[in-house]
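Here the structure is a predicted model, which means the values were calculated and not measured.
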Amino acid sequence: MFAVIETGGKQYRVQAGDVIEVERVAREEGKSVRFERVLLVTGDGVNEVGNPLVAGAVVSASPVAETRGPKIRIFKKKRRKGYRRTAGHRQDLLRLKIDDIQLPSQAARREDER
């Protein structure tokens, strides 16, 4: 079973056990991350496509590490004017391990168990 989630303005195709790097999200230290912006869930005889989201579907992930992306160089220049500027940027990233993909019916059942 796999799902397509959206976070940080990007879409990721994930399944249980995958390790992905996303832009850093606000979270409490040591807590798992829940993605509720699920666009598609498919596999195991289930095909649910959101319009735009699959209502009630949740993907949970546990943090592995906080890292930084590669350095991006920004260079500005205006020809014949002597104007040159260089800057750099490194994006903060969060490495996550996908734990579980829950459909709306499964999510309701798990909330009742807690």
The side chain to side chain donor-acceptor pair (under 3.5 Å) partners of Glu21 (sequence neighbours excluded) come to Arg95
Applying salt bridge (charged side-chain N to carboxylate O under 4.0 Å, His left out) to Lys76 and not counting sequence neighbours gives none
One should read off an interatomic distance between Met1 CE and Asp100 CG, to the nearest 0.5 angstrom, of 9.0 Å
To the nearest 0.5 Å, atom CZ of Phe35 lies from atom CG of Leu96 at 5.0 Å
- Same apolar cluster: Ile98 and Leu93, side chain cutoff 4.5 Å: no
(message) Within the supplied structure, the quantity of interest is the number of heavy atoms (other residues, nucleotides, ligands) at a distance under 6.0 Å from Arg73 CZ; does it exceed 12?
(response) no
Using residues 78-91 as the side-chain source, report each donor-acceptor pair under 3.5 Å to any protein atom, sequence neighbours left out, with the distance given to one decimal.
| residue | atom | partner | partner atom | Å |
| --- | --- | --- | --- | --- |
| His89 | NE2 | Gln91 | OE1 | 3.2 |
| Arg90 | NE | Gly69 | O | 3.0 |
| Arg90 | NH2 | Gly69 | O | 3.4 |

If hydrophobic clusters are built from ILVMFWY residues whose side chains come within less than 4.5 Å, do Val22 and Val14 share one?
yes
Give the table of side-chain donor-acceptor pairs shorter than 3.5 Å for residues 54-64, with sequence neighbours excluded, one pair per line with atom names and distance.
| residue | atom | partner | partner atom | Å |
| --- | --- | --- | --- | --- |
| Ser62 | OG | Asp99 | OD1 | 3.4 |
| Ser62 | OG | Asp99 | OD2 | 3.4 |

Which pairs of donor and acceptor atoms, one on a side chain in residues 24-31, lie under 3.5 Å apart (sequence neighbours left out)?
| residue | atom | partner | partner atom | Å |
| --- | --- | --- | --- | --- |
| Arg24 | NH2 | Glu66 | OE1 | 3.4 |
| Arg27 | NH2 | Glu66 | OE2 | 2.9 |

*asked:* Membership question, hydrophobic clusters at under 4.5 Å side-chain separation (ILVMFWY): are Ile20 and Ile101 in the same one?
replied: yes
Give every donor-acceptor pair under 3.5 Å between a side-chain atom in residues 36-51 and any protein atom, sequence neighbours left out.
| residue | atom | partner | partner atom | Å |
| --- | --- | --- | --- | --- |
| Arg37 | NH2 | Glu6 | OE1 | 3.0 |
| Thr42 | OG1 | Val46 | O | 3.4 |
| Thr42 | OG1 | Asn47 | OD1 | 2.2 |

